[in-house]
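Worksheet: the structure to be examined is printed underneath.
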Amino acid sequence: MATINVQRPERLTLAERLYLPAILNGLRLTWRHIWGERVTLQYPEEERQFKRVYRGVHRLNKDDKGRVKCVACEMCAASCPAHCITIKATEVEWPERDKIPKIFEIDELKCIFCGYCVEACPEDAIHMTRHYHLIARSREDMIFGLDKLLAIYDETKEQEVLRGVDFGMTHARIPGKEAANPDEVQKLAYPVVGVVTKAETQRAQ
Amino acid sequence: MPTMVIDGREVTAPPGANLIEAAKLAGIEIPHFCYHPALKVVASCRMCFVEVTQEVRGKPTTRLTTACNTPAADGMVVRTDTQPVKKAQNDILEFLLINHPVDCPVCDEAGECKLQDYAFAYGTSSSRFAEHRRFRHAKKLGSGIRLYTNRCILCDRCVRFLRDFVGTGELSVTDMGNGNEISVFPGRPIDNVLAGNLPEICPVGALIAEDFLFKARVWNLRPVDSVCPGCSRGCATFLDVKDNEVQRTRARENQAINGYFICDDGRYLYHVIRHETRLEHPAVREGDQLRESNWDHALDVVVSRLAESPERVVILLSPFLTEEEARAGAHLSRVLHGSVPGHVPNALREAPVSFPGGFAIDGDKAPNSAFVQNMAPVPLQDLVVTKDTVILFFNSSLRIGSVSPRDAEILRRAGFVAVIDVLWNDITALADVVLPGRMWAEKSGTFSNSAGMAQSFGAAVLPPPLTRDESDVIMDLTQRITTRISTGGGAIP
Amino acid sequence: MAARQNRMILDQCEIPGVRSLAVARRYGAYNALAKALTTMTPDQVVEEITRSGLQGRGGAWFGTGLKWSFMPKEPRVESFLCVNADESEPGTCKDRYLIEKNPHLLLEGVLIACYAIRASTAFIYVRGEMWEGMEVLETAIRELTTANLCGKNILGTGFTINVHVHPGAGAYICGEETALMESLEGKRGYPRNKPPFPAAYGAFGHPTTINNIGTLGYVPWIINHGADAFKGIGDPNFPGTLIYQVSGHVNRPGLYEAELTVTLRDLIEMAGGVRSGHQLKAVIPGGTSMPLLTADELDTVMSPASFAPRGSLKSGLGSAAVIVLDDTCDMVDVALNMMRFYRHESCGQCTPCREGTKWVCDMIERIHRRRARPGDLEVLEQVLVNVGDIDRFEFNKTICLFGVSFGWPLTMLIRKFRSEFEAAVAESTPAPVPLPAPASVLPDGDLRAP
Amino acid sequence: MISQEQLIVSLVLGLVLMLAMTAGAGVFTFFERKIAGWTQGRYGPNRAGPKGYLQFLADGIKFALKEDVIQDYVVKPVYVIAPGLMMIPALVLYAALPIGKPFVWNGNEVHLQIVQANVGVLYLLAVASIAVYGIVFGAWASNSRYPFFGGVRASAQMISYELAMGLSIISVVLLTSEPGINALSISNIVAGQTGYWFGFIPRWNLFANPVAFFVFLVCMFAETNRLPFDLAEAEQELVGGYHTEYSAMKFASFMLSEYVNMITMSMVMVTLFVGGWHFPGIEAIRSQAIQVLLSIGAFGIKVLFFCFLFLWVRWTLPRFRYDQLMHLGWKALLPVALASALGTAIAIALRV
């Protein structure tokens, strides 16, 4: 039989057994916190500053002619782990393209905001914005259709948002872009949302 | 029977087989674009390179050769995985992808595209090509076939198919060298009933059927083994289903019947499933009009008429029924008056067509004529139909006009006609009770073709809610009639 | 020692008025045909030719007698003779000269060949541009038919031979024997895969022999003078003479007939030497399909023996069209000129050649315009190797030899004059890459733009 | 006989305290949430009304408007009475506590005390014991397992800790007892703490017997079912504890009574150990009115401190395990309280 030697903790001292020093220490700690800094954001007035890679509501991009960029390839739907994307294609008589989505729906309630759709998109047609105000009065309203997703694009056109190239694979393969440093890719691929204190927010503004 | 070694596995190939076929027997896939077992070998894509070691003038010689035009020979040692072979495959793919637009996102072939699969399996992810790409516009070739010229890899399959297999030869390669392009002669579009096979035969997405254009991505489709009900040939098909709708029909290989192809009549027949004239609820005649009814009422009307005078009942079967339904119909007839049912011969007959490649289309445009005639030997015109006759007609014909005007006239003479059908047509118009049945894509069953080969098929889509399977209806009727007999109701002694 | 010409064919062409049957017969034309028909069996003719060691002048140097002997002795279907007069190799001009000067010499050879291989029909596939030659041939055939030397029951021997002249449409690839047969059948001139070989399944599916028209010119001489006499001429392994076509920067370009022991230096001397004031830079020994030789290699004997497969020279005799380039030639220019020809002439049937010709041509064009990008030369060399590998012939990827006919010469051209190419790349302003990325990851969706 | 003036003061005091307690409990809930927020780096409720001060009103309205569910399976009469039973002791306990310095009105000595009981300490102990009934009744009447567990735990816990509490109060009584003085009268207990040792240390029982103070402090938490002793409503284990099945105003009564209890217990604590209304230097003030007002203020501040302590402790300490709770009550506090009482008795005996 093998013997495992276990280092038992020493017996508690009297002070420790009384718990009183520990309790007082705890009280001191909470006391300090009462007068300490507040980390809560006052939401409607203050908004959190997210990193570029925050994954919020989707948008469907428009090309330089203001038309939907999506070609209804359904790669996003294929890669979606929540099966929340529904696409039906139709034919158009555009000189450079002939397939666009007739129906493009994302069920934002089913969506888990993983960003796979952005990564899968070969056309860079779907992005995730930093919008997180997802409000609707019914489940049906939470199914965002083509109009709504394109409208979000118009709202967030200026925003620098999470794009397909921000994911490691695609980023490394885009020629003309400087070769991605692996650490950088890692950082981009896994969005880190830090706590932004009021002070920081003010500093940012 | 030549015996050889392919990648270390010993293979005995049938005489005349080429190395692609032989390797397939050993479970080894040799990539190829231009080779198709039903077509002449041209070895133009140069994708199927293998390394063959063979005795030439007494000493073993190793050379790189295309597998498709190398007949299997005794003592060959074939390698499909050596460095030169891999390099050759890689190089060929690099060449092919120079001008290919790689527009997989909008291409309907994506998912079943050989170029896509091979580029993934044998190619590299990057290309060294940095010149201007060739660009060609898509064009319509006729017969609902569109050529996305840009995607074409000039494997020549379509040209050979139309020239050698179909014999019409509408397509040809024009221009020279890098300017090569598949096209039709001006003013002479593709016009033959096998044109629908072109998208299937095309290894990339160059030839696309307008019927399936942008309809669905193929990986979302669920193929269901089916049999074409378009004629007595009984071609094996796949019905590709998505969202409870048949999206397209594809040929299913069956060397005994249809080889690799099906005709366009059968290919586009699936549109009838969701046709606007589809019968979707039972109807019972009230005065001059057929009124929407429910199954219980409709069947009650039928059973009461059947039970009034069973000896005057005539059960009619159509050659559009499956074997199982025909059997059940015969059983009902036996229960009623102990005799065999009659049949209404299919009136839709055309001259049979055959093609140089061996494909044939039967003249009889019903799928199960031979079997139904066997089950119900008497044709309608040999039956006595008077004012007192009660006719129960299992029609379920997919085509208008399958009942000849003469037969329709005989039906009109009868006192009471109940029809099970799938479409509103001239026969349902003269019926007293119309019961909605199901189409071949909505039920499973068996068809026997003109050569007597039975093939079974499965249900692909859910039927409209109020329709019922014909066998089910026959069983229900049988049940109701036997109940009526046993309870002493009606006029059955 | 300056070699002399041996003008056994060319002299016959320079007889005044020899185009007409009467003059030709006065100089002994069709004696050989009569001799063959009346005194020899077909097998004896084949035997005689085999013994003479006559080899195909089309460039492959395959034994003519051996080729004829492949034909079925008791044909179940009609056999055909195809005569390849689709002379399109850049620098080559002898067939046209022979046809236009002395058609009867060739037609006699055609008729004897038909007799030997038991063919009743001969197709002379003439290059479409050689309309004068075709007229000459047709006139000659008409004369022959009138004189009962052609058509039914020739010379009362009961032997029937019909000769047809078929104009090609001017495609280089139709000089390839299987493509020629396709073209003859009225199809697109695509080379066929071999096997089956033409002797078993040739034009219209019949057993067919294909001979270069130049080869057949020697046949009457051999029948007349005997196989041994022919074998005695020149190199015993490659007996007879060969018409060399010297062009380019020499003082007297033209046709020079010599035995196959002549060196390249001799040929240039025969042609009057390199034009004055210039140095020889390179020589293309056998049409542009053959890799060029540099000034150090002038002592090469212009015989297939020197260009044995996998030999150190890595070139070939080809069609014996010697193109001389002097020091005024920019090799990039030469390469572009050649490549434009090959891009235009590729039939487009098989992938490496169809796509490779364009790719290579585009790259050379850019180098020529001094818009090359660094690394272009390496890619260019690799692509050439991928089409036609000069170092490993057994890894050739194309159906016919067209791939190697531009792969080899250009590879060697770049290898031998690499410095010129490197200089061109070095002084280039790199052209922008037309597509910034493979379309699969292109962010901007415009997949279908050219 | 009670003087007329005393009667008026008692009545007014009763009314005012009753309202103040109820309202105070409401405000207390607000501060509970506020302090919870602060200790956790948050703001706490700050939306309802200016800076969120009307939050307790919002809560109250919400409770009042909520549907009052009475389940079919409850024992209805008991179920309905229980919240009331919980409320009553909380609202009557402070009747015996003086909240300010007695003063002379129209020549009569008036105590700022609703009831001037001779045995005030007994009154405290008796009334405080009733509180457990509310819990046990509510739990039992709910006819549901989790509340029942909560009720059983609460009764065991309160009974256990009452012992120690009683013993610590005995120390106080002993400290107060002098010949001729009714040591059970709360006024006397407060009065006994008004002197000084060495001239500057107040004679508060806190300093006289810190052990008893400490025992009482712990028991105070236990008696009010506050963290770390809120096992009766441990939500992780018992859903909601004894009031799981309660909703709307009935639930609010439970809640409110808990907070009233806390205030009351703070008052008891202040009265018994921290000198009641007494504060050092009160003697120096000449004017009686100011003296009285300041004494009331001192009392209030002390009470507020203990109220704050309740919250502070709550957001600092985790909950005890039940066996630890029992262990602490029986094996730690009870002997300590006994020893303290004994020690006090001996000390007094030796001194006397």
Side-chain angles (χ1 to χ4, degrees), chain B residues 33-34 41-47 49 51 61-66 68-69 71 84 87-88 90-106 125-138 150 153-156 159 172-181, chain C residues 171-173 187-195 342-359 361-363 365-366 373 375-376 378-379 382-383 385-387 389 392-399 403 431-435 438-442 445 447-450:
Chain B
F33 293 110
C34 69
V41 174
V42 290
S44 69
C45 70
R46 318 305 285 175
M47 189 65 204
F49 275 115
E51 212 177 82
T61 317
T62 301
R63 68 188 205 282
L64 210 55
T65 182
T66 44
C68 66
N69 69 337
K87 167 130 179 29
N90 210 325
D91 294 344
I92 297 297
L93 279 170
E94 188 180 26
F95 282 130
L96 284 175
L97 289 167
I98 283 178
N99 285 319
H100 192 83
V102 203
D103 57 348
C104 306
V106 294
S125 60
S126 62
S127 169
R128 292 173 295 183
F129 184 78
E131 320 301 324
H132 283 284
R133 280 163 187 251
R134 192 177 59 193
F135 175 72
R136 301 272 168 71
H137 285 288
N150 234 11
I153 57 164
L154 289 159
C155 71
D156 215 12
V159 176
S172 61
V173 183
T174 59
D175 214 320
M176 269 179 76
N178 198 249
N180 270 5
E181 192 174 329
Chain C
Y172 174 73
I173 194 62
K187 297 178 188 160
R188 203 175 153 78
Y190 274 169
R192 292 180 188 167
N193 284 286
K194 286 185 275 191
Y342 287 111
R343 181 177 66 173
H344 181 257
E345 290 297 344
S346 167
C347 77
Q349 187 187 13
C350 64
T351 309
C353 175
R354 177 181 66 236
E355 308 292 351
T357 44
K358 184 202 179 248
W359 191 353
C361 193
D362 282 0
M363 294 190 85
E365 218 155 43
R366 264 194 308 107
R373 291 182 282 262
D376 265 2
E378 286 69 29
V379 174
Q382 282 164 22
V383 173
V385 164
N386 288 350
V387 183
D389 193 340
R392 292 182 300 179
F393 180 69
E394 66 275 25
F395 288 167
N396 179 32
K397 290 200 185 70
T398 49
I399 295 175
V433 181
L435 284 178
S440 58
V441 295
L442 195 68
L447 285 165
R448 297 183 58 195

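These numbers come from a predicted model, not from an experiment. Each chain gets a letter, A, B and so on, in the order the sequences are listed, and its residues count up from 1.
Residue B:I98 touches chain C through its side chain alone, counting heavy-atom pairs closer than 4.5 Å. If you measure heavy-atom distances from B:T61 to chain C, you find no contacts under 4.5 Å at all. For chain C, no part of B:N90 is nearby; none of its heavy atoms comes within less than 4.5 Å. Only the backbone of C:N396 comes within contact range of chain B, with heavy atoms under 4.5 Å apart. B:F49 touches chain C through its side chain: at least one heavy atom from C-beta onward sits under 4.5 Å away, while N, CA, C and O do not. The contact between C:R373 and chain B is made entirely by side chain atoms (from C-beta outward), counting heavy-atom distances below 4.5 Å. Using a 4.5 Å cut-off between heavy atoms, C:E365 makes no contact with chain B at all. Residue contact with chain B, scored on non-hydrogen atoms closer than 4.5 Å, involves the side chain of C:Y190 exclusively.
Put simply, the side chain of B:R46 never gets that close to the backbone of C:P352: no donor and acceptor are under 3.5 Å apart.
Residues C:K397 and B:I92 form a side-chain contact, since some pair of their non-hydrogen atoms from C-beta on lies under 4.5 Å apart. Residues C:V383 and B:F129 are not in side-chain contact: their nearest non-hydrogen atoms beyond the backbone lie 4.5 Å or more apart. B:N178 places none of its side-chain heavy atoms less than 4.5 Å from the side chain of C:W359.
Salt bridge status for B:E131 with C:K358: absent, with no side-chain N to carboxylate O gap under 4.0 Å.
Every residue meeting the side chain to side chain contact (heavy atoms under 4.5 Å, CB included) condition with B:T65, not counting sequence neighbours, appears here in chain and number order: B:V50, B:V52, B:R63, B:T70.
Remark: B:L154 CG to C:Q349 CD distance equals 10.5 Å, nearest 0.5 Å. Distance NE2/B:H132 to CZ/C:R366: 9.0 Å, rounded to 0.5 Å. Note: C:T351 OG1 to B:D91 CG = 11.5 Å, rounded to the nearest 0.5 Å.
Contact record, C:G348 with B:N180: O-ND2, 2.9 Å, taken as the closest heavy-atom pair. Shortest non-hydrogen contact noted between B:G177 and C:R354 is O-CG, 3.5 Å.
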